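Being a predicted model, the structure only gives us computed values, none of them experimental. Order of the sequence lines sets the chain letters (A, B, ...), proteins ahead of strands, with each chain counted from 1.
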Amino acid sequence: MKKELAKAYVPQENENDIYRLWESSGFFNPDNAPLPKTAQTYTIILPPPNITAKLHIGHSAMLAIEDLLIRYKRMNGYRTLWLPGTDHAAIATQMVVEKKIFEETGQTRHDLGKEILLEKIWEFLRNTQSEILGQMRKLGASLDWSREAFTLDQARQKAVNRLFVEMYQEGAIYRGERIVNWCPHCQSTLADDEVEYSEQTTKLYTFKYAPDFPITISTTRPETKLGDTAVAVNPKDERYQKYLGQEFSFDFVGQKLTIKIIGDRNVDPDFGTGALGVTPAHSMVDWQMAQENDLAVIKVINEQGLIREGFGNYSGLSVKDAREKLIAELKEKGLLISEEEVIHNISTCYRCDTPIEPLPSKQWFVSVDCPLERLGGKSLKEKALAVAQEGTLKFIPERFNKRYQDWMSNLHDWCISRQIWFGHPIPVWYRGAEIYCDLKAPEGEGWVQDVDTLDTWFSSGMWTFSTLGWPDNYRDGKKFGDLANFHPTQVLETGYEILTLWVSRMVMMSMFALGETPFESVYLHGTILDKHGKKMSKSKGNGVDPLVAINEYGADALRLSLLMGSTPGNDSRYSADKVEAKRNFINKLWNIARYILAQPGVAECQLNSDPEPKTIADRWILAELSITISEVRKRLDNFEFSLAAEILTEFTRDKLADWYLEIAKIEGGKTEILNYLLLAILRLWHPFIPFVTEKIWQSFQTGVLMIEQWPTFNLAVDEQAKSTFTFWRDLIVAIRNSRSANKIAPGVQLEALVFSVNNQKDIALGAELITKLKTGLSSLTFVNEDPKPENAITVVVQDTIFYLLAAIDPEKEAARITKEREVLEKLIFNLSERLANQEFVSRAPAKIVDQEKEKLAAYQLELNKLKETIL
RNA sequence: GGUUAUUUAGCUCAGCUGGUUAGAGCGCUGCGUUCACAUCGCAGAGGUCAGUGGUUCAAGUCCACUAAUAACCACCA
């Protein structure tokens with residue numbers, strides 16, 4: 001069974017085969033797990049990537065973290081489900097495809113028509129989708145492909161329709177005329193959080209509507225003033241108090257306006273003239289004021305961004321042209337008082353950067369404040385807030401709980417209808433004034449289905465349960481099948497930037513559909529920035545293709561570099577150097593395995609119980625292993641992935657490879673322990689770097705490592721072995737160090753005299769280690785009295801002195817010793833001070849005080865020895 | 001304007017509920033290596049933990065303020 005391992009690990013030659021091996025084993029699917037029926041489940045639903053483009057490095061980080069959690073839990077006996085899928089990303093996808101077609105053929109969607117455009121979109125979608133799924137496999141993601149889902153496939157379509165209808169029937173969804181964010185380019189509404197802001201300089205015009213109107217107003221959007229129905233002033237503003245409540249009618253550039261003077265606290269008396277022209281139809285705040293003051297709403301701009309009919313010469317003009325014409329007219333009539341440049345935050349579409357036109361429109365909304373019967377009279381908002389407040393829903397890191405709650409409490413009704421072609425149709429039909437909402441089209445003539453589609457977040461908000469078979473798996477308030485087994489899921493792992501966009505919606509929709517949270521914990525990872533700390537973006541061209549990194553360094557190296565050196569909720573920088581460093585470490589691990597497996601009998605060794613330690617080094621390494629296992633477990637259970645990997649690295653390289661394996665070369669006869677140690681580190685490392693560990697496993701074991709038991713803590717920590725071994729190790733390090741300081745090359749062999757005050761130490765072990773372990777000592781003589789030889793290098797650790805007999809520069813050596821003495825003296829001084837402090841002795845825990853006392857004694861002993869040796 | 005973070009070695013970052021001489025990777029310096037690994041080993045240099053004040057027997061760690069940086073939210077007539 002044993003196969004020779006190559007000198008260096010070549011990921012490119014192995015990863016694809018290993019992935020196939022895993023896939024064909026069937027163990028990605030929890031139904032195939034060799035576990036008792038009662039085994040606990042552990043579920044993560046993969047946040048579905050948009051099918052607009054292939055995956056970027058941020059997705060790789062997400063996959064690395066989730067696969068780590070999944071593999072770790074799978075190896076710990078959980079029935080583990082990680083469910084893959086992709087998101088149709090309605091607007092985003094349609095825009096990408098439209099742009100692509102326009103670039104290739106110059107055609108717009110209106111040239112093509114709905115059917116052909118949709119066909120093209122599906123074609124595009126199938127390409128990127130398979131590319132994305134291929135990328136996930138490349139990274140080693142142990143996803144259950146048998147349950148793969150898409151936000152716009154048939155099963156999800158069914159779920160979306162069903163939830164829409166249920167929410168409509170409960171009154172959680174309504175149709176209403178509201179002012180919405182309208183993108184004239186996308187020809188669609190946008191949710192509040194799909195709007196972005198950017199600073200621009202624009203002109204602020206100050207003018208009067210008419211010569212006999214008493215108040216001057218300022219605006220950056222004169223063209224909308226055709227629809228003004230009021231002027232708002234601060235009620236405390238003395239200049240205008242006398243006008244409050246009055247109404248004025250006059251002619252404004254050929255348009256009859258009736259303006260009421262209203263008071264509103266939000267008007268800043270110091271901005272402009274302190275008076276604000278209220279345009280209810282084209283400004284969010286003005287809409288609010290109109291509602292409160294019962295003002296008329298006059299629509300000026302239409303969905304194409306043109307001035308509507310009924311505004312004389314202005315009708316049909318674009319916003320820009322209308323503005324110029326209007327300003328010219330005001331100038332001519334002497335009504336324009338001033339124009340100045342101001343810096344202004346304008347709202348733009350997050351997809352196409354077109355400035356947003358707020359306009360009133362008939363749209364579908366999810367009501368977040370309406371009390372719902374099935375939520376016990378609570379609203380969606382209240383329910384979603386409560387789970388965060390009560391701690392039913394945990395956030396990692398915790399601070400995002402506050403952000404979630406802040407955002408939730410300010411949430412307004414969510415506009416869910418979009419005027420695009422690609423997406424879930426709305427299950428609503430109209431006949432004149434009649435409205436019909438159900439799963440199927442109504443009987444009878446003349447019914448027309450709503451032409452809009454649903455916001456993409458509506459379907460992704462249902463992701464945790466629509467993927468697990470809702471609504472079929474949910475009857476009379478009871479869950480069945482996958483839904484019963486795997487919902488609520490354990491962790492949602494995603495980027496903090498969609499905490500509000502997505503996480504909050506998932507909570508609301510799951511609370512509505514199932515009355516439970518969609519997940520127990522939300523783990524939020526940071527953004528991966530480029531080497532210079534800048535956001536990666538297509539336009540800047542600083543993005544990193546994960547496949548390039550994988551091809552160069554291997555998937556394991558990429559995963560490990562993304563997992564280490566980053567903490568939840570904090571951004572981290574990507575650089576190829578980091579990946580290379582991890583590649584090097586993985587190769588180190590490979591060679592550790594290669595060496596161990598090359599020892600006779602190790603690969604064939606069948607160990608049924610924990611191995612019997614024979615020497616102090618054995619006892620030491622098993623103690624270290626034991627500590628490592630429990631520490632790593634603790635860190636992983638706590639979502640501290642970086643720390644867990646660090647602890648493992650330290651054990652693997654600094655303890656196992658650098659010390660134990662070197663000693664094993666001297667001592668020999670370690671077949672069982674080496675076998676045991678190798679099996680342990682392969683299992684410990686597997687969730688982090690699955691490919692290389694599985695590859696090594698396959699070279700000498702049967703079955704797949706993926707479903708092996710992750711090591712459990714079953715060895716008591718041998719404190720005595722640990723301290724004895726550490727003593728000798730420190731001594732050897734000190735010898736190497738002093739040789740290096742005295743510029744004695746490692747090849748030069750030296751003799752040494754050893755004097756130890758306390759011969760309780762395992763002298764035989766020390767002698768063997770010191771002569772054989774690269775210390776460059778050819779012989780070692782133990783003496784009963786301190787010989788104090790001249791012209792020797794002196795090394796002291798605790799109570800033991802080594803004199804390395806060599807021709808050295810006495811001044812240099814004296815300087816080295818003096819420096820060491822100074823360090824010790826300073827330590828001793830500090831410790832004595834502390835121990836002399838009564839308050840410390842009486843108030844600090846006894847354990848700490850004892851520790852300090854022991855330390856002080858050890859340093860003093862060491863210092864005394866050092867002093868004796870110098871003349 | 002509000003909120004939340006960040007500030008630790010030349011660079012990129014760890015450092016959990018306060019308690020060994022503050023760590024890692026990369027880079028740098030010196031030495032080395034046919035015997036698992038140059039995708040390597042050994043040793044070293046390099047830090048008043050942003051600043052000020054406070055709490056405490058004890059502060060990189062907790063609190064307050066200041067400064068710089070970033071993200072998010074709100075307003076924008």
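Of the listed nucleotides (B:C57, B:C40, B:A71), B:C57 has the atom at the smallest distance from the side chain of A:A844. In the set B:A45, B:A43, B:C37, B:A45 carries the atom at the smallest distance from any side-chain atom of A:K819. Counting only heavy atoms from C-beta on, A:Y859 has its side chain closest to B:U21 among B:C26, B:A71, B:U21. The side chain of A:K7 approaches B:C37 more closely than any other nucleotide in the set B:G41, B:A14, B:C37. Closest contact between the side chain of A:L661 and the listed nucleotides B:U12, B:A45, B:A36 involves B:A36. Closest to the A:R736 side chain, of the nucleotides B:A36, B:C42, B:U20, is B:C42.
Residue-to-nucleotide contacts include a donor-acceptor pair under 3.5 Å from the side chain of A:E662 to the base of B:A36. Judged by distance alone, with hydrogens and angles left aside, A:K535 brings no side-chain donor or acceptor close enough to the base of B:A71 to form a pair under 3.5 Å. Side-chain atoms of A:R635 come within donor-acceptor range of the base of B:C16, with a qualifying N/O pair under 3.5 Å.
A:D571 comes within contact range of no nucleotide atom at all, as no heavy-atom separation falls under 4.0 Å. Within the 4.0 angstrom heavy-atom criterion, only backbone atoms of the sugar-phosphate kind lie near A:V733; the bases stay farther away. At a threshold of 4.0 angstrom between heavy atoms, the contacts of A:T567 are confined to the sugar-phosphate backbone, with no base atom among them.
For the pair A:R573 and B:C13, the criterion of a side-chain N or O lying under 4.0 Å from OP1 or OP2 is met. Phosphate proximity of B:A36 to A:K665: present, with a side-chain N or O under 4.0 Å from OP1 or OP2. Here A:R843 reaches the OP1 or OP2 of B:C57: one of its side-chain N or O atoms lies under 4.0 Å away. For B:G44, the OP1/OP2 oxygens have a side-chain nitrogen or oxygen of A:N737 closer than 4.0 Å. Between B:A5 and A:R399, no contact under 4.0 Å exists linking OP1 or OP2 to a side-chain N or O. Regarding contacts with the backbone of B:A5, every side-chain N or O of A:K402 stays at 4.0 angstrom or more from both OP1 and OP2.
Using a 4.5 Å heavy-atom threshold, the side chains of A:L330 and A:K208 count as separate.
Ring geometry, A:F585 versus A:W685: the interplanar angle falls from 30° to 60°, so the pair is classed tilted.
Straight-line distance from the CZ atom of A:R816 to the C1' atom of B:G30: 16 Å, rounded to whole Å.
A distance below 6.0 Å separates the ring centres of A:F641 and A:Y523.
Pair assignment for B:U48: none, as no Watson-Crick or G-U wobble contacts are both less than 3.5 Å. Look at B:U69: its Watson-Crick or wobble partner, with both distances under 3.5 angstrom, is B:A5.
When all heavy atoms are compared, the tightest approach of A:I828 to A:L863 is CD1-CD2, 3.7 Å.
Using a cutoff of 4.0 Å between basic side-chain nitrogens and carboxylate oxygens, A:K655 and A:E650 are scored as salt-bridged.
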